[in-house]
Amino acid sequence: MMQEKEIVLDVLGGVKSSLSCYATFISETANPTLRQTFQQMRDGDEKFQYDLYRIAEQKGYYATSPAADHNAICSVKQALS
């Protein structure tokens, strides 16, 4: 039987995959109504993903990378300019 942590991380992975697919669907859809529907679905899934991520982070199921220091951020900005 799957533990809560495994279920949460599995759902997060599935939603992340869905969000990638929405980008393709939206960019390849010519029908404005269908395009809007995909955008609304994406927006809902993004909110769901973020809410679930926050719960997972609070429970210690999901650890984020440490924040980059100011010099690293400036270096990347400069490289991309």
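Treat the numbers as computed from the prediction; the structure is a model and nothing was measured.
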Side-chain donor-acceptor pairs under 3.5 Å in residues 39-46, sequence neighbours left out?
{"unit_1": "Asp45", "atom_1": "OD2", "unit_2": "Tyr22", "atom_2": "OH", "d": "3.1"}

Please name all residues satisfying salt bridge (Lys or Arg N to Asp or Glu O under 4.0 Å) with Lys5, sequence neighbours left out, ordered by chain then number. none

Please identify each residue that fulfils salt bridge (Lys or Arg N to Asp or Glu O under 4.0 Å) with Asp69, with sequence neighbours left out.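 Asp69: no salt bridge (Lys or Arg N to Asp or Glu O under 4.0 Å) contacts found.
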
Can you give me every donor-acceptor pair (side chain of residues 24-33, partner residue at least two apart or in another chain, under 3.5 Å) with its distance?
{"unit_1": "Ser27", "atom_1": "OG", "unit_2": "Ala23", "atom_2": "O", "d": "3.1"}
{"unit_1": "Ser27", "atom_1": "OG", "unit_2": "Thr24", "atom_2": "O", "d": "3.1"}
{"unit_1": "Thr29", "atom_1": "OG1", "unit_2": "Phe25", "atom_2": "O", "d": "2.4"}
{"unit_1": "Asn31", "atom_1": "OD1", "unit_2": "Thr33", "atom_2": "N", "d": "2.9"}
{"unit_1": "Asn31", "atom_1": "OD1", "unit_2": "Leu34", "atom_2": "N", "d": "2.9"}

Val76: which residues meet the side-chain contact (heavy atoms from CB on, under 4.5 Å) condition with it, sequence neighbours left out?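 Only Leu80 meet the side-chain contact (heavy atoms from CB on, under 4.5 Å) criterion with Val76.
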
Ile55: hydrophobic cluster co-members (side-chain, 4.5 Å): none

Within residues 70-81 or reaching into it, pairs that qualify as side chain to side chain donor-acceptor pair (under 3.5 Å) - sequence neighbours excluded: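 Residue pairs with at least one partner in residues 70-81: there are none.
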
Any residue meeting side-chain hydrogen bond (donor to acceptor under 3.5 Å, both in side chains) with Arg54, in chain and number order, not counting sequence neighbours: Tyr50

All heavy atoms of Leu12 vs all of Tyr53, minimum pair found to be CD2-N, 3.8 Å

Heavy atoms only: give me the nearest Ile73-Ala68 pair and the separation to one decimal.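 So the two residues come closest at CD1-O, 3.8 Å.
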
